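Below: the structure, in C-alpha cells.
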Amino acid sequence: MKKVVLLLAAVSFVFTSMADGPEFQQAMGKTLAGYADCKTIEDFQGLANKFERIVNAEKAEWLPLYYHAHCYIIMSFMEQSDMVKKDEYLDVAEISVNKMIEMVPDESEVYALQAFMLTARLVVDPMTRGQEYSILSGQATGTSLGLNPGNPRAKYLNISNEMGTAQFFGSDVSKYCVQAKELLENWDDFKPASPIHPAWGKDQVEEIVESCK
Amino acid sequence: MSIYIRNIVIIIVALMFCSDIMAQSTNIKGVIFDTKNNSLPGANIYIEGTYDGASSDANGKFSFTTNETGKHVLKVDYIGYESFRKEVELTGKEVYIEPNLNESFNQLNAVTIIAGVFEASETKKAVVLKSLDIVTTAGALGDISGALQTLPGTSTIGESGRLFVRGGHSGETQTYIDGTLVHEPYTTSAPNTAVRGRFNPFMFSGTVFSTGGYSAEYGQALSSVLLLRTNGLQQEDQLDISIMSIGTGVAGTKLWESGAVTASFDYMNLTPYMQLVPQNINWNKYPQSYNGAISVRQKTGKSGLLKTYITFDKSSFSLDQEDPDYLPGITNNNIDNQYLYFNTSWLGTLNDKWSLKTGVSTTGNLDNNGLGFGDYYGQLHGANAKIALANQISEKIKIRFGTEYFYKYSSVKYDNEPCSVHYLLNFTSNMIAVFTEADIYASNKFVTRLGGRYEYSDYLKKYNFAPRISAAYKIDDKSQFSLAYGLFFQDPANEYLIYTNRLDFERANHFILNYQTIKENRTFRAEVYYKDYFNLVKYRLTDHLVPTDHNNTGSAYAYGLDIFWRDRKTIRNGDYWISYSYIDTKRNFRDYPGEAIPGFVSKHNFSLVYKHWIGALRSQCGFTLKYSSPRCYNDPNRADFNSELMTPYRTLNVNWSFLYRQNVIIYASISNVTGFKQQYGYNYASFANDEGFYESVPVIPDAKRFYFIGCFITLTKSGEANQLDKLE
C-alpha cells in the first residue's frame with residue numbers, strides 16, 4: 001500500500017510539473033512557430049491573441065507578454081495609412097511593456113522591446129515626433145545595453161535608428177554598415193537563455209547589410 | 001504480491017480512464033458581434049485559465065476544440081469592448097455562443113467637447129494641430145498669436161498684432177500660463193504698430209486656443225482664452241545657441257534625477273537690420289531688448305510636478321510719428337518697457353480619486369513714454385492665485401471645483417513740466433472667484449459638462465454668476481457634434497477703471513455649435529456661433545477729450561461661421577490648412593454715437609498655410625497666404641460714423657528651414673514677399689483745423705517686407721536634439 005501511495009504521488013507530481021513547465025514551454029514553442037505563418041495584420045492579431053491566452057493563464061511569466069507586445073508593434077508597422085490605428089496598436093503594446101518593466105525590471109530584453117515600441121511611435125509621425133522619440137528610444141536601448149552589454153537586439157535598434165536619422169539628413173551611413181556587418185558576424189555568439197527567449201533581429205540586420213551593398 | 005499488482009492495475013486503469021475523460025474533446029463555436037450586430041473580427045475567445053481558444057475571423061466566426069471537462073468560464077476579449085464571460089459545462093457536446101459585446105467606457109477614448117476649441121499638443125491622439133505647427137507657420141515669426149491668426153474666428157489687425165476673436169476687442173482675450181493669468185502678454189510697441197507675444201513658443205508643449213464657450217475655470221474674458229502649458233521635464237542636458245539677423249540668444253538646460261533647470265538670455269537689437277532695410281518709420285533709436293528667464297521643474301512624489309518660471313524683459317526704442325494734430329509737426333516717442341513675470345504651479349494626484357492643481361502668478365509691467373512735451377508712465381501690477389481640485393466620483397462622472405483670487409493695481413501718471421500739467425490716476429482691485437464643473441458621460445459617445453462661476457469684485461462692489469453648459473455627441477468613429485452655451489463676465493478695461501468704479505462687469509453670452517470630422521489625416525470642422533454683449537462701457541468725451549460719464553449702457557452682437565480644413569494626406573510630404581471666417585457684428589460702446597461695425601472686424605477672413613518637406617534638400621518650405629476683407633474706419637469729416645473702408649489686407653509670407661546638420665538649422669523667411677500695399681486707414685486729428693477740416697495721417701506698417709535669417713545650434717551629449725521647434 002505504501003508503494004501505491006508513492007506511485008500515486010509520483011504520478012501526480014508528473015502531472016503538476018507538466019502543467020507548470022513543459023506544457024508552458026510547449027505551448028510557447030508552438031505559438032512561436034506561428035510567426036512563420038504570419039503575413040497580414042489579421043494573422044498577427046491571431047498570434048497576439050494566442051500569446052494573450054498564455055498571458056492570462058500564466059500570470060507569473062513575462063515572455064508571453066513580451067511576444068504579445070511584439071506582435072502589436074509589428075501590427076503598427078504593417079498598418080499603412082491610419083495613424084490613429086497605428087497608435088492604438090502601440091497603446092496595447094505599451095501596456096504589456098509597462099507590465100514587464102514592473103515584473104522583471106532588470107531584464108535587458110524588455111528595454112530593447114520598449115525601444116522598438118518607441119521607434120514605432122516615432123514612425124507614426126516622424127516630423128513631429130522625431131526629435132523626442134529618437135531620444136526616448138536611445139535611452140531605452142541604453143538601459144537595455146546597461147543590463148546586458150551583449151544584447152544584439154538593442155544593438156540592432158541603435159544601428160537602425162541612427163542609420164535612419166543619418167539617411168534623413170543625407171549624411172554618410174558607411175559607419176553603420178560596418179557596425180551592422182560586425183553585429184551580424186557575431187550574432188550567434190549571443191545565446192538566448194532558453195529556446196523561448198527572444199531571438200529575433202538577425203533577419204533585419206541581414207537586410208541592413210544587404211542594403212549597404 | 002498479487003494484491004499489489006492488482007492495485008497497480010486498478011490505478012493504471014483508473015488513470016487511463018481519467019485521461020480518457022481528459023481526451024474527450026468539446027467543440028466550441030460561435031460568432032462575435034457588437035451591440036449593433038456588426039461582426040467583430042480578431043476577438044480573443046478562450047477558456048479562462050487554459051491555453052485553449054481561438055480568434056474570430058473576418059466574419060466574426062470562431063471555432064476550437066478543448067480537452068477540458070466540467071465547469072469552466074468561456075471568455076471573449078476584444079480591445080475597446082467589455083469582456084464577455086459565460087460559465088459552460090464541457091461534456092463533449094458542442095457549445096455555441098453568439099455574444100453581443102458592449103463597448104467599454106474609457107474617458108481617454110470618449111468623446112471630448114471641442115466647441116470653440118483649437119488644441120495644439122504632442123498628445124498621441126489625433127489633434128487638429130501639433131505644437132510644432134505653432135512655430136513652423138510662415139509669417140508668424142515665432143509669435144504664438146501670429147500663428148493663431150491663421151485659424152478661423154480671428155481677425156488680422158495689422159496695426160495691433162493682438163488676438164481679436166469673433167468680433168471681440170483684443171482686451172476680451174486673456175492668456176493663462178499653467179492655469180494662472182498673465183497680464184500684458186504682448187510686447188510694448190509704438191502707437192499703431194504691431195506688437196508680438198512676449199513668450200517664446202518653444203517654452204510650451206501644449207496650447208489650447210478657445211474662441212468661446214470655455215470652462216468655468218476661466219473667467220475675466222469676454223471672448224476668448226489662450227491656455228498655455230509649459231514644457232515638462234526635458235530628456236537630456238542641452239545648450240541652445242541662436243544667431244539671428246535681429247539678435248542672439250543662449251539657453252542651457254541641466255537635468256538631475258527628478259528635475260531640471262533651464263536658464264536663458266536673449267539680446268535683440270534691430271539697428272543693423274533696420275539700417276539695411278528701408279523703414280517707413282523715423283527711428284531715433286532702433287528697438288533693443290534684453291530678456292532673461294529661469295525655469296525649474298521638479299518631480300514631487302510619484303505623480304506631482306512643481307514648475308517655477310521667472311522672466312524679466314527690458315526693451316526700449318525711440319521714434320518720431322507724424323501727428324495729425326500738429327501737422328506738419330511730429331510727436332517724439334521715447335518708449336521704455338520693463339516687465340517681470342513669475343509663475344509657480346503644482347499639479348499632482350492626492351490619491352486614486354483626487355487630484356490637485358494650484359498656482360500663483362504675478363506680473364509687473366512698467367511703461368514709460370517720453371513724448372517730448374511730457375512724460376507718461378503706465379504701471380500695472382497683477383497677481384492671480386488659484387487652487388482647483390478634481391474628483392473622479394465614478395467611472396463616468398468627474399467634478400472639478402476651486403477658488404481663485406485676482407489682484408490688480410494700475411496707474412497712469414502724466415507730467416508736463418513746461419505747462420505744469422500733472423495728473424495721477426490709479427486704482428486697486430481685489431476679486432475672488434469660485435467655480436465648479438462636472439463632466440457627465442452617458443457613454444463613450446455622449447458627454448455633458450455643467451458648470452458655474454461666481455465672482456465678486458471689491459472695487460466695483462459687484463458680483464456676477466456665470467452658468468456654463470456644453471455637450472458633445474460622437475456620431476461615429478470619425479465625426480462629432482459639440483455645442484456650448486454660457487455667460488462670460490469681465491472687468492471693464494483698466495483705462496476706464498482708473499476713472500471710476502461706478503461700473504458693472506461687462507457681459508457676453510455665447511452660443512456655439514460645432515461639427516468636426518477627422519479621417520485619415522484630413523480634418524474638417526465647421527462652427528456657427530451667436531454672441532450677445534451686454535453692459536459694455538460707454539462714455540462721453542469732454543471738450544478737452546477727457547472721457548467722462550462712464551456707464552454700462554453699451555451692447556453688441558456677433559454671429560458667424562468658421563470653417564477649417566486640414567489635409568496632410570493628399571500631397572505627399574505636404575501639409576496644408578485653410579481657414580475661412582464669416583462674421584456679421586455691430587456694437588455700441590466707448591464713445592460710438594450708436595450701433596456700428598467696429599474697426600477691428602473684417603467680414604471675410606481667409607488663410608491658407610502650406611508646408612512641404614523636401615527630403616533631398618533636408619528642407620521644409622512653407623508659405624502663408626492671407627486675405628481679409630476691408631475694415632471700417634471713422635473719418636470725422638464725414639457725417640456717417642465708421643463708414644469708410646480700408647484697403648483689404650493681403651499678405652504672402654514664405655519661409656525655408658534647412659537642416660544643415662542634425663543639430664544645426666538655418667532658417668530664413670520673408671513677410672509680404674510680393675509687396676502688397678498694406679494700409680490700416682487713417683489717424684485723424686482730435687480737433688478740426690481753422691477750415692473745419694480734420695487733418696489725417698495714413699496708418700501703414702513699419703516696413704513693406706520683413707526679412708529674417710537665423711542659425712540655431714543645439715549641443716547635447718547624444719546630438720539628437722535640435723531646435724526645430726524653435727523655428728518660426
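All chains are named by letter (A, B, ...) in the order of the sequence lines, taking the proteins before the strands, and each is independently numbered beginning at 1. In this text, all values refer to a predicted model and were calculated from it rather than measured experimentally.
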Comparing A:Glu52, A:Lys59, A:Lys85, A:Lys50 against chain B, the one with the most heavy-atom pairs below 4.5 Å turns out to be A:Glu52
Within this structure, what is the CZ-CG distance for the pair B:Arg568 and A:Asp125, rounded to the nearest 0.5 Å?
5.0 Å
For B:Ala58, is it the side chain, the backbone, both, or neither that has a heavy atom closer than 4.5 Å to a heavy atom of chain A?
neither
Among B:Gly615, B:Pro41, B:Ala54, which has the most heavy-atom pairs under 4.5 Å with chain A?
B:Ala54
Measuring from atom CD1 of B:Ile79 to atom OH of A:Tyr89, what distance do you get when rounded to the nearest 0.5 angstrom?
8.0 Å
Let me know if A:Ile41 has heavy atoms under 4.5 Å from chain B in its side chain, its backbone, both or neither.
neither
Partner chain B: residue of A:Val92, A:Asn56, A:Val124, A:Thr31 with the largest heavy-atom pair count (under 4.5 Å)
A:Asn56
Side chain from CB out, backbone as N, CA, C, O: work out which of these in B:Lys611 comes under 4.5 Å of a heavy atom of chain A, or both, or neither.
neither
Given that the side chain runs from C-beta out, which part of B:Asp57 has a heavy atom under 4.5 Å from chain A: side chain, backbone, both or neither?
neither
Looking at CZ of A:Arg53 and OG of B:Ser55, how far apart are the two atoms once the value is rounded to the nearest 0.5 Å?
5.5 Å
Between A:Asn49 and B:Gly42, is there a donor-acceptor pair closer than 3.5 Å when you use the side chain of the first and the backbone of the second?
yes
Cut-off 4.5 Å, heavy atoms of chain A, and the answer for B:Ile45 is backbone
Name the region of B:Gln620, side chain, backbone, both or neither, that has any atom closer than 4.5 Å to a heavy atom of chain A.
side chain
Of all of A:Gln167, A:Gln139, A:Glu42, which one pairs up most often with chain B through heavy atoms under 4.5 Å apart?
A:Gln139
